[in-house]
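Values below: all heavy atoms of this structure, side chains included; hydrogens, waters and symmetry mates excluded.
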Amino acid sequence: MTLLELQKTLKEKVRSKASEICGEPVSEVAVEVPPKTEFGDIAFPIAFELAKTLKAQTGEKQNPRAIAESIKSDILEFDFVEDIQIAGPGYLNVFYKRSLLLESALEDTPGTVKGIEKQKICVEHTSVNPNKAAHIGHLRNAVLGDTFVRLLRAAGNQVEVQNYIDNTGVQVADVVVGFIHLEKLELEKIKALDRKLTESGKRFDHFCWDLYARVGVEYQHNEDLLSKRAETLHLIEEGDNETALLADFVATRNVECILETMERLSIRYDLLPRESEILHLHFWQKAFELMKEKNAIHLAENGKHAGCWVMPFESHEGSDEHENDKILVRSNGTVTYTGKDIAYQMWKLGLLGLDFKYRHFTDYQNGKEVWITTADESAAEKTAVSYGGAARVYNVIDTRQSYPQQVVKKGVALIFPEKGEDASVHLSYEMVALSPAAAEELGFELTDEDRSKSFIEMSGRKGLGVKAEDMIDRLEENAFHEVRERNPDLDEPKQREIAAQIAIGALRYFLLKFTKNTVIVFDFKEATAFEGETGTYCQNATVRLNSIFRKLGTEALEAALGSVPSRSKEFSKLFGEDDGNELWSVVILALRLEETIHQSIAQSEPAIIAKYTFNLARTSNLFYQKHRILDEPDPDKKALLIAVAETARKALTSALSTMGVSIPERM
RNA sequence: GCACCCGUAGCUCAGUUGGAUAGAGUGCUUGACUACGAAUCAAGAGGUCAUAGGUUCGAAUCCUGUCGGGUGCACCA
């Protein structure tokens with residue numbers, strides 16, 4: 001029996017008894033985790049609730065402690081319950097049978113859910129404009145998204161990961177303008193440049209990063225170049241010309257670079273849907289028809305939106321003109337970004353009635369394939385799976401896009417009321433900004449006004465930001481120095497491998513430990529720390545446990561774990577002794593992993609699993625420091641210590657893997 | 001102007017549907033390695049939870065006002 005099942009059973013028992021006491025059905029029973037292990041393993045504040053209900057019924061004041069007392073006897077008979085105490089003003093605190101739960105903890109692999117595949121869920125994340133390298137803000141998106149995917153999968157869901165490629169937007173056009181009009185390069189020359197960059201260990205996306213910033217500067221005093229931008233954008237959208245081919249090469253190369261960067265962080269995708277296909281396969285036209293059919297959209301006849309097709313954002317009566325109407329088709333007949341997004345969202349939910357064509361894009365080292373969309377019939381390949389058509393869609397997009405995301409959600413719900421707004425979830429998060437000190441460290445000159453700010457927004461257009469690759473390289477280098485010092489006996493490739501694992505662990509944890517709506521004000525010192533509340537700390541706690549087991553040997557380990565059921569009586573006794581609570585707190589925390597994963601999903605908040613993992617590592621380190629497992633003379637005690645260490649090791653390994661953090665052999 | 005988010009220790013942040021003595025990390029002051037590897041552990045100092053009211057058995061948490069900070073409100077993407 002898992003902790004969640006046990007909790008459910010207890011809740012039901014309390015609920016039925018509570019209904020009996022107050023004479024009317026009680027719907028939901030609240031549960032809490034007591035602040036200290038000594039107070040018990042699960043607490044029901046039900047008596048306070050009942051006292052209120054009874055007072056309302058009879059007008060008489062009731063003592064919550066007395067009510068709690070009357071519920072107590074019913075639960076006490078249950079197998080897994082050791083004791084129940086009435087504490088404080090009337091808490092019903094339940095103590096589990098520790099040795100019994102330890103046994104089930106060793107049987108179950110925590111965090112993995114057996115059973116049937118649930119509905120298909122689609123998660124879109126990363127979606128970096130393919131005109132430059134990714135920066136740490138994009139990493140926050142990707143790490144949040146990837147971790148959320150891992151959480152969903154750990155909970156038994158079927159998940160498809162999409163990385164949307166906006167390959168026909170102005171941002172790509174800007175870099176293309178840079179290549180053609182500033183660098184004076186045509187396609188073949190750009191390809192040669194790309195080869196030269198690669199040979200000298202430089203990156204194409206970093207070249208584009210600088211070029212994009214240069215174009216931005218030029219625009220400010222070069223009217224002529226600005227007109228080239230509109231021209232270029234038009235040619236790219238139209239397709240089938242030299243500029244479009246050049247743009248396609250640039251965008252595709254940037255996508256390849258970004259995918260490389262993300263794979264360093266173990267972030268992978270199933271499908272790359274592109275904006276060009278949404279255009280060329282006429283997704284919008286289809287969505288437009290559907291919207292007109294359902295009267296979700298209308299043509300504004302007068303006012304400032306005259307000649308545009310608009311969607312009413314708030315329900316309103318009377319005139320056809322409204323402040324909050326959202327324009328989906330401009331008066332010149334072209335569709336806005338939000339319009340295309342509605343069509344794309346409908347496809348994701350399987351509501352559009354059209355599909356992309358696909359071709360194989362690339363393979364990951366682990367053999368997994370990435371596919372990309374195409375409009376080209378002759379290039380299309382047969383897919384092994386069908387994409388899109390998800391029951392629920394999560395879009396990982398920063399909070400600044402809350403408004404357009406809400407329009408998309410409402411738009412889809414207007415056309416398909418039966419699907420509703422709940423099928424589209426905007427997983428929104430705050431941005432990563434730079435501290436003024438960090439911006440100066442990157443070599444940017446700040447005005448006095450900038451310096452007085454608490455943070456400075458990153459800007460691709462200005463080239464202001466910490467590039468993802470630079471960040472990872474820096475972390476790896478720092479980690480490598482430490483690893484080399486601590487493990488001089490290892491060869492350099494091994495040291496590098498471990499350093500990479502530590503760097504990624506530190507980076508992913510750093511980006512996950514903040515809750516979504518906290519602005520991360522990036523600071524190099526904090527972000528590169530390997531001590532304190534870091535991914536490194538969590539990895540180290542696990543490595544230490546692993547090293548105990550390595551010294552112990554597989555046979556001795558299995559023998560100890562195998563003997564657990566037969567030592568049940570001795571374990572009960574040991575759990576009751578001085579350090580029993582402290583040993584038990586490791587086990588019960590490890591058992592809460594499954595519950596934590598569910599919580600993290602329900603609240604769409606990956607920080608919950610991160611904080612949990614750190615807590616578990618801390619509890620485990622405390623245990624590690626206090627007990628000498630290998631030197632323990634008492635065989636019963638030794639078996640117990642091994643079993644406790646094993647539950648912690650399993651839960652830590654599983655929790656870290658859910659965060660995409662791997663565990664080095666040594667560190 | 002309207003909408004949304006935020007204000008908790010010197011600093012960076014957690015704090016579950018309202019619950020038990022408001023917690024971590026970091027920095028500071030101390031102490032612990034001939035090691036199941038100290039990227040660790042222990043101890044100490046550090047708080048009027050921005051502010052004023054309200055709701056109730058109970059509020060950092062819910063409601064209202066005020067002050068301070070952020071973001072969004074394009075026929076950009």
[N] to [M] separation - [atom1] atoms, rounded to the nearest Å:
N	M	atom1	result
B:U16	B:A22	P	15 Å
B:C49	B:A35	C1'	43 Å
B:G7	B:A50	P	8 Å
B:U40	B:A45	C1'	22 Å
B:A38	B:A20	C1'	36 Å
B:G15	B:U61	C1'	9 Å
B:A42	B:G23	P	16 Å

Parallel, tilted or perpendicular, as decided by the 30° and 60° cut-offs, for the rings of A:F288 and A:W284: parallel
A:Y337 and A:Y164 aromatic ring geometry - parallel, tilted or perpendicular at 30°/60° bounds: perpendicular
So, is [X] near the phosphate of [N], with a side-chain N or O under 4.0 Å from OP1 or OP2?
X	N	result
A:R544	B:A38	yes
A:K626	B:A42	no
A:Y337	B:C75	no
A:S547	B:G37	yes

Face-on cation placement of A:R461 at A:Y219 ring, 6.0 Å and 45° thresholds: no
Axial cation check for A:Y429 ring with A:R140, 6.0 Å and 45° limits: no
Exercise: do A:S428 and A:R400 side chains pair donor with acceptor under 3.5 Å: no
Pull out every protein N or O sitting under 3.5 Å from an N or O of nucleotides 29-33 of chain B, one pair per line with the distance.
none

Nearest-nucleotide pick for [X], side chain only, options being [options]:
X	options	answer
A:N621	B:U71, B:C41, B:A20	B:C41
A:R330	B:G37, B:A77, B:C57	B:A77
A:E457	B:A77, B:G37, B:U71	B:U71
A:Q401	B:A20, B:A77, B:G70	B:A77
A:F48	B:G37, B:A20, B:C57	B:C57
A:Y403	B:G72, B:A77, B:A20	B:G72
A:F614	B:U71, B:A24, B:A42	B:A24
A:R618	B:G25, B:A42, B:A20	B:G25

Looking across every strand, which nucleic acid part, if any, lies under 4.0 Å from [X] by heavy atom: base, sugar-phosphate, or nothing?
X	value
A:N129	nothing
A:N93	base
A:V335	nothing
A:Y537	sugar-phosphate
A:T399	nothing
A:A529	nothing
A:Q539	nothing

Under 3.5 Å donor-acceptor, A:S600 side chain and A:I597 backbone: no
Output field: ring centroids A:Y344/A:F283 closer than 6.0 Å: no
All stems with RNA chain B, defined as three or more consecutive Watson-Crick or G-U pairs under 3.5 Å: B:1-7 with B:67-73, B:10-13 with B:23-26, B:28-32 with B:40-44, B:50-54 with B:62-66
hbond_proxy A:S331 side chain to B:C75 base (donor-acceptor, 3.5 Å cutoff): yes
Letter per nucleotide, 5' to 3', of nucleotides 10-18 of chain B [B base touched, S only sugar-phosphate touched, - untouched; heavy atoms, 4.0 Å]: --SSSSBB-
